[in-house]
Amino acid sequence: MSFSSKTKNELSRLEIDNECCLISELAALIRMSGSIQMMGLGKVNIKFSTENAAIARRIFTLLKKLYNVQSEVMVRKNRQLKKNNSYLMIVNNVDEAKRILEDTGIFKKDSANYFEINYGIPDRLVKNRCCKRAYIRGAFLGGGSLSDPEKTYHLEFVTNSAKHSEDLCKLINSFGLNSKIVTRKDNFVVYIKEGEQIVDLLNIIGAHTALLKLENIRILKDVRNNINRIVNCETANLSKTINAALRQIKNIEYIERTIGIDKLPENLIDIARLRLINREASLKELGQMLDPPIGKSGVNHRLRKIEQIAEEIKKERGN
């Protein structure tokens, strides 16, 4: 089971007692995974479709709690690619369907007392903070997905309405988040890509188990990344040290072949001989071998002087 499915299963088991929150969550589910069928003569029904059994039970429970509606449930077996079964729930009672659509703000009456569809999120549905959280939870259950955090951080809501995507984006961002909208084919995708913000959103909608798992993964990934950075830094420093030592030895050997180490200034002779004998020693270790000992910067200064002398000899000899 994917990380996204586990998160939805957790959310589907949450207990909610406030009627306002139940209606907000149901409204989001209708907009994200529901469809409205108009059959003429004022007849209308509501259909829900999902491949997640836990979400199907959630929708059934919401309808039962709020309206005592006995929705028709059908299960379709998907044979292609061994996909999960599809669960189809239909509210056939015309009066109950209209009542649900009015309560959830999807249907609204115009001046001529006709119904028209509202594609935005009504303010009355998300007036309270708890209702805002319930609506976002319903939107995630109906049309959201969450990538495996081991691979990447990405949470999104897919809707087919531009107005609904804008309102949903504003609703999410009212909690201090930074969701954005992108068009994908004929759909509008509200998404969040930062791990920390995804954690915050999971906390908002009540997916605390998924939140803890994601946080554990984030911590492990951060530790791995920090270790890799340290190893890379140490490797780079080691390579730099080795290359510098090889260059120093090469210059000293060149001086020895040409003018001889004894021709160097007195303060450079000892460090030159020590470098030839102790090829793998660090600058600090070389400094401690001198009598009297000198610091790392002093050793580095003397070796640079030797390098300058070697370069001058090369120029004089045309090398």
Side-chain angles (χ1 to χ4, degrees), residues 4-37 44-73 87-109 115 117-144 157-159 161 164 167-168 170-172 174-175 190 201-211:
S4 186
S5 295
K6 289 178 182 177
T7 304
K8 289 184 178 183
N9 287 351
E10 179 191 352
L11 291 173
S12 297
R13 293 192 297 269
L14 283 180
E15 290 289 336
I16 305 174
D17 297 321
N18 296 337
E19 185 176 319
C20 60
C21 295
L22 293 172
I23 291 175
S24 293
E25 187 174 313
L26 180 62
L29 282 162
I30 294 173
R31 292 181 188 277
M32 300 296 278
S33 64
S35 60
I36 304 166
Q37 187 174 18
V44 63
N45 67 24
I46 306 170
K47 291 183 179 179
F48 298 89
S49 180
T50 179
E51 291 185 355
N52 190 311
I55 296 174
R57 286 193 296 270
R58 182 74 166 186
I59 295 169
F60 186 88
T61 303
L62 288 173
L63 292 171
K64 189 73 175 173
K65 272 188 175 182
L66 287 166
Y67 302 100
N68 198 26
V69 172
Q70 199 72 27
S71 55
E72 182 183 348
V73 181
Y87 300 89
L88 185 66
M89 283 157 289
I90 307 172
V91 180
N92 281 317
N93 186 296
V94 175
D95 293 332
E96 289 296 344
K98 285 183 177 179
R99 183 185 167 198
I100 292 168
L101 293 172
E102 283 188 76
D103 288 351
T104 55
I106 295 169
F107 268 9
K108 63 179 181 179
K109 290 182 180 179
F115 285 111
I117 296 176
N118 173 28
Y119 292 97
I121 302 174
D123 291 336
R124 63 179 175 82
L125 280 185
V126 290
K127 182 171 60 176
N128 302 321
R129 188 176 177 85
C130 60
C131 297
K132 291 179 181 179
R133 295 171 60 174
Y135 193 96
I136 298 170
R137 179 170 54 250
F140 181 76
L141 288 171
F157 304 80
V158 181
T159 178
S161 166
H164 186 233
D167 285 0
L168 181 59
K170 289 177 184 176
L171 184 63
I172 292 168
S174 69
F175 287 90
V190 181
L201 190 135
L202 290 176
N203 184 44
I204 288 164
I205 62 178
H208 298 122
T209 301
L211 181 157

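All residue numbers in this chain count up from 1 along the given sequence.
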[X] side chain to [Y] main-chain N or O, any donor-acceptor pair under 3.5 Å?
{"X": "D167", "Y": "G120", "result": "no"}
{"X": "N52", "Y": "I55", "result": "yes"}
{"X": "E96", "Y": "V69", "result": "no"}
{"X": "E10", "Y": "H208", "result": "yes"}
{"X": "K8", "Y": "A54", "result": "no"}
{"X": "R137", "Y": "A28", "result": "no"}

[X] [atom1] to [Y] [atom2] distance, which is reported to the nearest 0.5 Å:
{"X": "R57", "Y": "R13", "atom1": "CZ", "atom2": "CZ", "result": "9.0 Å"}
{"X": "E51", "Y": "S5", "atom1": "CD", "atom2": "OG", "result": "9.5 Å"}
{"X": "L141", "Y": "I136", "atom1": "CG", "atom2": "CD1", "result": "12.0 Å"}
{"X": "N18", "Y": "C131", "atom1": "CG", "atom2": "SG", "result": "7.5 Å"}
{"X": "I36", "Y": "I117", "atom1": "CD1", "atom2": "CD1", "result": "4.5 Å"}
{"X": "I172", "Y": "F140", "atom1": "CD1", "atom2": "CZ", "result": "11.0 Å"}

- salt bridge (Lys or Arg N to Asp or Glu O under 4.0 Å) with R31: which residues, sequence neighbours excluded?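 Testing R31 for salt bridge (Lys or Arg N to Asp or Glu O under 4.0 Å), a comparison that skips the adjacent residues, returns none.
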
Quick check: do [X] and [Y] have side-chain heavy atoms less than 4.5 Å from each other?
{"X": "Y67", "Y": "V91", "answer": "no"}
{"X": "I16", "Y": "C21", "answer": "yes"}
{"X": "L26", "Y": "F48", "answer": "yes"}
{"X": "L63", "Y": "I46", "answer": "no"}

Locate the shortest heavy-atom distance separating [X] from [Y]; write the atom from each residue and the value.
{"X": "A207", "Y": "T7", "value": "CB-CG2, 3.8 Å"}
{"X": "R133", "Y": "N203", "value": "NH2-O, 3.7 Å"}
{"X": "K47", "Y": "I90", "value": "CG-CG1, 3.9 Å"}
{"X": "A27", "Y": "Y135", "value": "CB-CE1, 4.0 Å"}
{"X": "L29", "Y": "G142", "value": "CD2-N, 3.8 Å"}

Indicate every side-chain donor-acceptor pair of residues 121-128 with a distance under 3.5 Å to a residue at least two apart or in another chain.
unit_1 : atom_1 : unit_2 : atom_2 : d
R124   : NH1    : D103   : O      : 3.1
R124   : NH2    : E102   : O      : 2.8
R124   : NH2    : D103   : O      : 3.4

Does [X] have more than 12 heavy atoms from other residues, nucleotides or ligands lying within 6.0 Å of its [atom1]?
{"X": "K64", "atom1": "NZ", "value": "yes"}
{"X": "F175", "atom1": "CZ", "value": "yes"}
{"X": "E19", "atom1": "CD", "value": "no"}

